[in-house]
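See below for the structure under consideration.
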Amino acid sequence: MCRVFGITRKVSQSLEGDKDLKFLLDGGNLVKIRSGSWQKSRFFRLQEDCETLSYDSQKILKKIKTYSINEIESVRKGRESEGLNKHTDPCDEDRCFSIIFNDRKKNLDLMAASPEEADQWVNSLEKVIGNMRNLDHQQKSEHWIISCMRKADKNGDNMMSLKEVKHFLRQINVEVSDAYAEDIFKKCDESNSGTLEGPEIKLFYSLLTKREEIDVIYGKYAKTDKQMSAADLLEFLQKEQRQVVTIEEALRLISKYEVDPENKQMTKDGFLMYLHREEGFILNPAHKPLYQDMNQPLNHYYISSSHNTYLMEDQLKGPSSTEAYIKALLKSCRCVELDCWDGVNGEPVIYHGYTLTSKVLFKDVIQAIKNYAFKTSDYPVILSLENHCTLEQQKLMAHYLISILGDALLTKPLGKTVPTSLPSPEELKGKILVKGKRLNKLDAAFNHNVITEDETVSEEDEAADVTKENGQKPKSKSKIKLAKELSDIVIYCKSVHFNSFEHSRDNQSCYEMASFKESKAFHLAEASGTAFMHHNMDKLSRIYPAGSRTDSSNYNPVPMWNVGCQIVALNFQTPCKEMYLNQGRFLPNGFCGYILKPEFQRDPSSQFHPNKLTKGPWLKKKNFHIMVISAQQLPKLNKNKEKSIVDPLVKVEIHGVPADNGKKETHHINNNGFNPMWNQHFKFEISVPDLAILQFVVEDYDAASQNDFIGQYCLPLTSVQNGYRHVPLLTKRGDPISSARLFVHLMLLDAQ
């Protein structure tokens, strides 16, 4: 534990006296690596707050460089970053590690004096990071507030003057009048010393973190000696949270969250803890782990999919990187794209052809995929190959795929007969599939009709589109020579050209799949939504953004999911509303990258059309009521300007079939990002809840220009819990914003 301003703050009971924590606090020298010529020793240590990593930059001003533990995404052992792979010797593999940060902050590539020391750094950092992530909302909130107090305490005397209190309030994103600041200061300065210290700061903290809206809710149901008995809590769960539960569930919650284990009733502190934990979140805890049937054919699932996966930025001059594949795979992306071209020295490369984007070696990408394919999810990964290579480099591609991926690569069908349906994600667990052109039907693998020579096949539809959109003259008849070695490892995802739904029904096998440019896919969804859905009951479809999106922007994926398209590929590198929706779609079911489509998108008798709603099992009319009550600890956007305080508002949106789409917005609150309160009610009428996605976006209101983004959260409407719920907020890139929450009340009711 450490003590700041007289307030005891738990680093964690489990880390008290821990040798790994002591190692980080003592610190040590590490070599920071930027290039082959820039490799400098720096002294790294964990600061006394146990949440800040620092090192001496050794510049002229000897400024200390700091990183919040909350900013660290992961710590990777070995030469797994591009920088370490390029600028260090393979013999130093065991001495190297990288610290990867959220958002776009550059990696820290480091080398320790020995493999044992590198292990100590990696293990110790992972322990502290894991400990921080395991703190509940109240503990994170306390950490953040005390951190701001420490920054406001300019002279470091563990006391706060009135001036420092005003500075602190701005630090936590709230602007108050001088009169209010003086009033709260006088209430807490019981010693009349002109400063707050010890118990006075505790009182100040208590007044500051008081949740009036929680007090009202708790007071309504705390009918037993001003506390909640099990019967009181049961009434709250049934009436407000609309849960079908028994007294045993109420007793379980009291036992789990009540601070005093001897107390058989729930105090206000225990009630607040319940609301801040999994049971009190908006996401149904039953939907957080894997809960869906994973034994359906592969085409019965939405599959989290990336386009131009190798790019870190735009598709004209942005960098290509193995890091982009790693980030996508760690976010449970299950279909990644590889644009393959001839490289120098006979080595195939991946980049966006006919542009200034940088190149990355094909073999390095395959190695990164091998290392990270199944870190987040065990379910199959599809490699979507866009092949522009000559025969020799295609053969090398096949060699790398087979030799690097080993047993993980699917090289033959699972059964002994020609498949009439695709295998399930469960059957393909731990497998990597190649999507691309094939020289013959899969039937040949069973009939021993083996092709022994390379042959010419038509070019991928997307490859031809990109060639045209980049102003290049397409090859004659868009034909390429395909190496037999590469053809043979395309099993369940053979690329074919789409002609019509009728042609596909009569001529396309279940393992053959087409790719659709967004404009064509949207036209088909609008004009032939039911036919498109039936096509997707038997076969996989991949949708990709138009080549004209040179800024790597995205199309709206929802209309594609509405007609049952599985591989709706988006630019994962671009933070935008479309990516918020994608993350929300794949949030439930263990974040495994596969979501089972609704039954009416899998039933051959279904006549569902998202734009022409008729009676059917999809029509489940609901009234969805949302009360946006308050927010807590929204991040300060302009940290360099002390007086820059956010004016937050909340946008609530439903994305689904066109009839259900809707958008509501609260008024903005002036100068309060710490505990703004709206108490605004909205109502949405829902026709097809199985396809609806709920989205919250919090913005900083600006009368003169576009509002600034603060945070967001998305999830399927079918995974929403009724009642009083906290909504965790995420950054543009989907990383949690520590301590930031919305507090809402939700009711999804059958329409009368």
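- Counting non-hydrogen atoms of other residues, nucleotides and ligands closer than 6.0 Å to NZ of K288 gives a total of 12 or fewer.
- Looking at E512, its side chain never comes within 3.5 Å of a backbone N or O of V496 through a donor-acceptor pair.
- Using bins of under 30°, 30° to 60° and over 60° for the plane-to-plane angle, the ring pair F600/F608 lands in the tilted bin.
- Rounding to the nearest 0.5 Å gives a distance of 6.0 Å between CG of L410 and OH of Y492.
- Among the candidates F709, F696, Y713, the single residue satisfying the ring-ring contact (aromatic ring centres under 6.0 Å, His included) test with Y580 is F709.
- Without hydrogens or angle criteria, S687 side chain to L619 main chain gives no donor-acceptor distance under 3.5 Å.
- Partners of S424 according to the side chain to side chain donor-acceptor pair (under 3.5 Å) rule, which considers only residues two or more places apart in sequence or in another chain, are E427.
- N299 places a side-chain N or O within donor-acceptor distance of the main-chain N or O of M537, the cut-off being under 3.5 Å.
- Taking the side chain to side chain donor-acceptor pair (under 3.5 Å) definition, one finds that W678 meets it with T666, sequence neighbours left out.
- Taking CZ of F624 as the reference point, atom CE of M747 lies at 10.0 Å (rounded to 0.5 Å).
- A side-chain donor-acceptor contact under 3.5 Å links K331 to the backbone of R733.
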Should R334 and L329 be marked as a side-chain contact (heavy atoms from CB on, under 4.5 Å) after you check the CA-CA gap, both sets of side-chain angles, and the distance that decides it? CA-CA 7 Å; R334 299 291 87 189; L329 291 167; 4.1 Å; yes
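- Between Y724 and H745, a ring centre-to-centre spacing shorter than 6.0 Å is recorded.
- You'll find the side chain of R542 reaches within 4.5 Å of the side chain of S384, heavy atoms only.
- Ring geometry, F532 versus F501: the interplanar angle falls from 30° to 60°, so the pair is classed tilted.
- Under the 3.5 Å distance criterion, the side-chain polar atoms of K597 are matched with a main-chain donor or acceptor of G564.
- In this structure P285 satisfies the side-chain contact (heavy atoms from CB on, under 4.5 Å) test together with E278, Q721, sequence neighbours excluded.
- In the displayed structure, D506 atom CG is contacted under 6.0 Å by more than 12 heavy atoms of other residues, nucleotides or ligands.
- A donor-acceptor contact shorter than 3.5 Å is absent between the side chain of S306 and the backbone of F572.
- Remark: S605 engages D603 in a side chain to side chain donor-acceptor pair (under 3.5 Å) (not counting sequence neighbours).
- Distance alone, capped at 3.5 Å, is enough to place a donor-acceptor pair between the R549 side chain and the N554 backbone.
- Residues satisfying the side-chain contact (heavy atoms from CB on, under 4.5 Å) criterion with T411, sequence neighbours excluded, are L409, I489.
- Between the side chains of Q607 and T614, not a single donor N or O lies within less than 3.5 Å of an accepting N or O.
- Remark: the backbone N or O of G656 is paired with a side-chain donor or acceptor of N562 at under 3.5 angstrom.
- Remark: the backbone N or O of S606 is paired with a side-chain donor or acceptor of H534 at under 3.5 angstrom.
- With sequence neighbours excluded, the residues that form a side-chain contact (heavy atoms from CB on, under 4.5 Å) with S500 are E502, H503.
- Remark: K621 does not engage D750 in a salt bridge, criterion side-chain N to carboxylate O under 4.0 Å.
- Ring geometry for W561 versus Y302: interplanar angle of 30 to 60°, hence tilted.
- A donor-acceptor contact shorter than 3.5 Å links the side chain of Y325 to the backbone of E337.
- We find the CD1-CD1 distance between I326 and I369 to be 10.0 Å, quoted to the nearest 0.5 Å.
- Between K429 and E426 there is a salt bridge, with a side-chain nitrogen of the basic residue lying less than 4.0 Å from a carboxylate oxygen of the acidic one.
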